[in-house]
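Numbered from 1 within each chain, the chains take letters A, B, ... in sequence-line order.
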Number of protein chains: 2
Amino acid sequence: MPTQWDPDTPIYIQLYQQVLSRILDGYIIEGEALPSVRKVAAEYQLNPITISKAYQMLQDENIVEKQRGKGLFVNHGVQDIILNRERESFLTSQWPKIVEQINRLKLSTDDLLQPIEEAK
Amino acid sequence: MPTQWDPDTPIYIQLYQQVLSRILDGYIIEGEALPSVRKVAAEYQLNPITISKAYQMLQDENIVEKQRGKGLFVNHGVQDIILNRERESFLTSQWPKIVEQINRLKLSTDDLLQPIEEAK
DNA sequence: TTAAGTGTATTGGTGGTATATAACACTATA
DNA sequence: TATAGTGTTATATACCACCAATACACTTAA
């Protein structure tokens with residue numbers, strides 16, 4: 001599914017973001033286990049440690065919890081937390097820069113809406 | 001002016017982007033010379049090679065041209081070229097991802113416009 | 001108990017970034 | 001002709017992020 005990796009972003013970061021996305025979009029359910037480090041490693045032809053590093057970030061943020069010998073389980077209530085966190089982050093740190101960029105490039109609403117209409 | 005450097009982006013990349021921005025915004029004029037490698041190095045406490053690396057990128061893209069012994073001069077017509085290039089890049093590679101993100105986070109137009117209104 | 005399944009700590013290689021230092025080739029000016 | 005100003009190249013050094021190979025500690029189930 002992750003056709004290819006973006007060479008400008010560390011793989012473990014992309015894995016981390018992918019898990020967040022899948023929780024957010026409901027493909028990974030609260031209370032269930034993440035696919036094991038070795039499974040993902042085999043599927044994507046990666047070193048288990050690389051996946052472990054992504055999973056470690058999720059543990060540090062209390063998104064998942066480790067059950068020794070069993071795997072990593074998604075905590076309850078996390079979907080909402082992620083949604084709010086991403087919204088907050090987008091609105092405060094990304095969106096202002098985007099607006100500034102739009103103004104700097106003197107882009108019209110037509111320029112911005114056209115690609116959206118075409119995608120429909 | 002560049003209060004501080006973003007630790008997540010190479011300095012020479014930030015220098016390169018800064019020059020592009022200043023040309024775009026009219027602070028650096030076509031036909032004029034860029035500040036010399038050594039001046040910038042002294043001002044920002046950097047190694048001359050670091051500045052040279054940024055300037056090399058600008059030469060590779062024909063933004064500036066070298067006059068041996070004199071310095072690097074901004075080519076004519078470059079302001080428009082940069083504007084079009086940035087617009088193109090923004091609309092095709094950044095904006096679609098932004099729109100997708102907005103949809104994914106189910107952000108309303110109110111959420112997006114509020115910070116803009118507040119800034120006025 | 002044994003085998004297979006969890007995650008992870010250690011170690012080492014590779015490549016990118018930036019520095020320090022020096023030298024080169026050229027031009028403009030006093 | 002000196003001198004000081006351009007950008008550039010070369011070498012060595014240091015540091016850190018990324019990733020792989022290996023080995024370890026633990027749990028579960030046959």
Side-chain angles (χ1 to χ4, degrees), chain A residues 2-20 22-23 28-75 78, chain B residues 2-20 22-23 28-75 78:
Chain A
T3 45
Q4 216 52 325
W5 303 109
D6 169 12
D8 296 329
T9 309
I11 293 177
Y12 75 93
I13 297 286
Q14 297 182 57
L15 284 167
Y16 160 79
Q17 292 170 335
Q18 190 179 104
V19 173
L20 287 185
R22 293 191 174 183
I23 294 176
I28 298 180
I29 308 297
E30 296 178 355
E32 294 192 353
L34 296 183
S36 87
V37 163
R38 284 173 179 75
K39 254 186 201 153
V40 178
E43 182 180 356
Y44 295 164
Q45 309 266 44
L46 296 172
N47 192 293
I49 305 265
T50 302
I51 289 86
S52 178
K53 223 169 155 183
Y55 283 9
Q56 186 57 58
M57 293 179 69
L58 295 165
Q59 291 181 69
D60 294 343
E61 298 178 350
N62 291 316
I63 305 289
V64 301
E65 205 147 321
K66 174 165 49 174
Q67 294 185 20
R68 316 216 326 194
K70 300 183 65 177
L72 295 175
F73 292 77
V74 180
N75 285 329
V78 152
Chain B
T3 44
Q4 218 51 325
W5 304 109
D6 169 12
D8 296 329
T9 309
I11 294 177
Y12 75 93
I13 298 286
Q14 297 182 56
L15 284 168
Y16 160 80
Q17 292 170 336
Q18 188 180 106
V19 173
L20 287 186
R22 293 191 174 183
I23 293 175
I28 299 180
I29 308 296
E30 297 179 356
E32 293 191 352
L34 297 183
S36 87
V37 163
R38 285 174 179 78
K39 254 187 201 152
V40 178
E43 181 179 357
Y44 295 163
Q45 307 267 48
L46 296 172
N47 191 295
I49 301 200
T50 304
I51 288 88
S52 181
K53 228 170 152 181
Y55 283 8
Q56 186 58 56
M57 292 179 70
L58 295 165
Q59 292 181 68
D60 293 343
E61 296 178 352
N62 291 315
I63 305 289
V64 300
E65 203 147 321
K66 175 167 45 173
Q67 294 185 21
R68 318 216 324 195
K70 299 183 64 178
L72 295 176
F73 291 78
V74 180
N75 285 330
V78 151

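On the nucleic acid side, DNA chain D has its first and last nucleotide under 4.0 Å of a heavy atom of chain A at D:dC18 to D:dT28, going 5' to 3'.
Counting only residues at least two apart or in different chains, side-chain hydrogen bond (donor to acceptor under 3.5 Å, both in side chains) contacts with residues 6-16 of chain A comprise A:Asp6-A:Thr9, A:Tyr16-A:Glu61, A:Tyr16-A:Arg85.
Expressed to the nearest 0.5 Å, how far CD of B:Gln17 lies from CE of B:Met57 amounts to 8.0 Å. Atom CD of A:Glu43 is separated from atom CD1 of A:Ile51 by 9.5 Å, given to the nearest 0.5 angstrom. Here CG of B:Asn75 is found 10.0 Å from CD of B:Gln59. Values are rounded to the nearest 0.5 Å.
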Checklist entry - How far apart are the C-alpha atoms of B:Val19 and B:Leu58, what are their side-chain angles, what is the distance that settles it, and do they pass the side-chain contact (heavy atoms from CB on, under 4.5 Å) test? => result CA-CA 9 Å; B:Val19 173; B:Leu58 295 165; 3.7 Å; yes
Item to check | Test side-chain contact (heavy atoms from CB on, under 4.5 Å) applied to A:Thr50 and A:Tyr55, step by step | outcome: CA-CA 9 Å; A:Thr50 302; A:Tyr55 283 9; over 6 Å; no
For residues 28-37 of chain B, please give each side-chain donor-acceptor pair under 3.5 Å, one per line with the distance, not counting sequence neighbours.
unit_1	atom_1	unit_2	atom_2	d
B:Glu30	OE1	B:Gly77	N	2.9
B:Glu30	OE2	B:Gly77	N	3.3
B:Glu30	OE2	B:Val78	N	3.0
B:Glu30	OE2	B:Gln79	N	2.8
B:Ser36	OG	B:Lys39	N	3.1

Please list, one pair per line, the donor and acceptor atoms closer than 3.5 Å that link side chains of residues 62-74 of chain A to other protein atoms, with sequence neighbours excluded.
none

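In this structure, B:Lys53 and B:Gln56 have side chains that are not in contact, with every pair of non-hydrogen atoms separated by 4.5 Å or more. In this structure the side chain of B:Tyr44 reaches within 4.5 angstrom of the side chain of B:Leu15, judged on heavy atoms.
Direction of the helix axis in the helix from C:dT1-D:dA30 to C:dA30-D:dT1 shifts by 10° between the two five-pair termini, rounded to 10°.
Taking side-chain N and O atoms only, A:Ser52 has a distance below 4.0 Å to OP1 or OP2 of C:dT8.
DNA chain D is contacted by A:Arg68, A:Gly69 of residues 58-69 of chain A, taking any non-hydrogen atom closer than 4.0 Å.
If you measure from atom NZ of B:Lys70 to atom C1' of C:dC26, you get 12 Å, rounded to the nearest angstrom. Remark: P of C:dG7 and CZ of A:Arg38 are 7 Å apart, rounded to the nearest angstrom.
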Hey, what are the protein-to-nucleotides 16-19 of chain C N/O distances that come in under 3.5 Å?
unit_1	atom_1	unit_2	atom_2	d
C:dT17	OP2	B:Tyr12	OH	3.1
C:dA18	OP1	B:Ile11	N	2.4
C:dA18	OP2	B:Ile11	N	3.4
C:dT19	OP2	B:Asn47	N	3.3
C:dT19	OP2	B:Thr50	OG1	2.6

